Amino acid sequence: MNKTLKIVSWNINSVRLRINMVLDFLQLHQADILCLQEIKCETDLFPYDAFKQAGYENCYVIGQKSYNGVAIISKIPLTHINIANVTGDQDGARFISANLPSGVVLKNYYIPAGGDIADETENVKFKHKMDFVRSLCDTATPNIPQIILGDFNIAPYEHDVWSHKQLLEVGSHTPQEVYLLNNFKQAGDFCDIARHFHDASQKVYSWWSYRSKDWQKSNRGRRLDHIWCSNSLKDSIKNFDIYQDYRNHERPSDHVPIAIEYAL
DNA sequence: ATGGTTGGGGGCCAA
């Protein structure tokens, strides 16, 4: 057994299209557990064999056609697999959890993007997003040690976006979304691991739009992807990484992988 | 304020 587990979160935006990139990443960075969002395929069409051949024999998947879909891919067997919807059938495949050997619960979320228009009466997708996060607040379990991660589609801090002022009314950075996300963080007694390692004055992004001629030059990024842990586990988190170079890969996802090292 | 690009799947919707 390793003394640490390397746990990765990555919105892959089609796992079948980018399977080779993912396998290269796993080998190069020696990840133990990979949590994917937006796999964009049905459960049966997930590339199980490719992961198994790479040494990841334990794949837990909830997919759907064309949209959404999440998975946990692991070198070690996990237990207590749970795919319960957060707010009901409307969610799509946006949640999967499993227990680590230490008993800590690992939860992988793909929170709805919700669109740009941050108005729950004008935009049903935004209402779905807000309902999703409200439901997370209402069902938080602060006494259960856990690591939660995924594409939260909310960038809470000023320096989680390229322009705080210009994005204040744009979905992902509005005060009402940040308020709800902070409620969830308090209700669950969570630590935002990226901000544990990088103070609030530093720009930290995990996503850059495809709609930019030169993403690196303009650097109009957002920190939409997160890894949180129970505050009681904070001292067990030994490292946090963002693999920004994967945004420069041929045919990249618009999100890059983020990772922690968790000491068992 | 707008527009810009990508993926799935074969329309256009979602991001």
Side-chain angles (χ1 to χ4, degrees), chain A residues 9-23 25 35-47 50 61-71 85-95 108-120 122-133 149-156 160-174 177-178 181 205-226 244-258:
Chain A
S9 175
W10 197 357
N11 178 321
I12 198 60
N13 187 16
S14 174
V15 67
R16 288 178 294 175
L17 183 66
R18 289 185 240 286
I19 182 64
N20 289 330
M21 189 192 323
V22 174
L23 295 176
F25 173 87
C35 298
L36 294 173
Q37 304 88 35
E38 276 206 276
I39 61 173
K40 285 188 171 174
C41 69
E42 288 174 295
T43 305
D44 292 346
L45 297 177
F46 189 82
V61 180
I62 175 69
Q64 77 182 70
K65 192 175 181 179
S66 303
Y67 306 110
N68 312 321
V70 290
N85 282 342
V86 173
T87 66
D89 293 340
Q90 62 169 342
D91 280 346
R94 296 180 177 275
F95 171 73
N108 178 13
Y109 290 104
Y110 176 42
I111 295 179
D116 286 347
I117 298 166
D119 185 315
E120 294 191 61
E122 287 182 17
N123 177 0
V124 294
K125 289 186 289 184
F126 190 74
K127 182 178 190 309
H128 180 209
K129 179 183 202 172
M130 296 292 272
D131 285 342
F132 196 102
V133 183
L149 53 74
D151 179 1
F152 291 3
N153 270 312
I154 299 175
D160 290 343
V161 295
W162 62 275
S163 171
H164 175 63
K165 283 184 182 171
Q166 285 177 259
L167 292 174
L168 264 176
E169 294 181 12
V170 178
S172 78
H173 191 61
T174 63
E177 289 165 272
V178 173
L181 192 68
Y205 308 144
S206 65
W207 171 89
W208 292 261
S209 172
Y210 286 126
R211 308 172 194 180
S212 160
K213 278 178 185 163
D214 186 338
W215 73 276
Q216 224 156 6
K217 188 179 172 191
S218 57
N219 196 25
R220 293 186 169 187
R222 304 180 197 176
R223 187 169 73 98
L224 302 178
D225 303 275
H226 300 269
Q244 195 171 314
D245 50 320
Y246 276 78
R247 190 62 180 77
N248 267 339
H249 201 280
E250 191 182 347
R251 299 199 82 177
S253 170
D254 43 356
H255 298 253
V256 298
I258 62 175

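What you are looking at is a predicted structure, and each value in this text was computed from that prediction instead of being measured.
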Measuring only the [atom1] atom in each nucleotide, how far is [N] from [M]? A whole number of Å is fine.
N      : M      : atom1 : answer
B/dG11 : B/dG7  : C1'   : 14 Å
B/dG8  : B/dG4  : P     : 22 Å
B/dG3  : B/dA15 : C1'   : 15 Å
B/dC13 : B/dG9  : C1'   : 11 Å

Exercise for the section: Quick one: label A/K65 by what it contacts on the DNA or RNA (base, sugar-phosphate, nothing), any heavy atom closer than 4.0 Å. Expected result: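 Sugar-phosphate: the residue A/K65, judged by heavy atoms under 4.0 Å, touches backbone atoms but no base.
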Exercise for the section: Select base, sugar-phosphate, or nothing to describe what A/R222 touches, counting heavy atoms under 4.0 Å on all strands. Expected result: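 Nothing, no heavy atom under 4.0 Å.
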Do [X] and [Y] meet the cation-pi criteria used here (NZ or CZ under 6.0 Å from the six-membered ring centre, within 45° of the axis)?
X      : Y      : value
A/R94  : A/Y110 : yes
A/R223 : A/W207 : no
A/R220 : A/W162 : yes

Would you tabulate the nitrogen or oxygen pairs shorter than 3.5 Å linking the protein to nucleotides 2-4 of chain B?
from, atom 1, to, atom 2, distance (Å)
B/dG4, O6, A/R211, NH1, 3.1
B/dG4, N1, A/R211, NH1, 3.0

Problem - Full working for ring-ring contact (aromatic ring centres under 6.0 Å, His included) between A/F25 and A/Y246 - result: CA-CA 9 Å; A/F25 173 87; A/Y246 276 78; 5.3 Å; yes
Problem - Options B/dG7, B/dA15, B/dG9, nucleotide nearest the side-chain atoms of A/S66 - result: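 Of the options given, the side chain of A/S66 lies nearest B/dG9.
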Exercise for the section: Starting at atom CD of A/E42, determine the distance to atom P of B/dG7, rounded to an integer number of angstrom. Expected result: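 Interatomic distance, CD of A/E42 to P of B/dG7: 20 Å.
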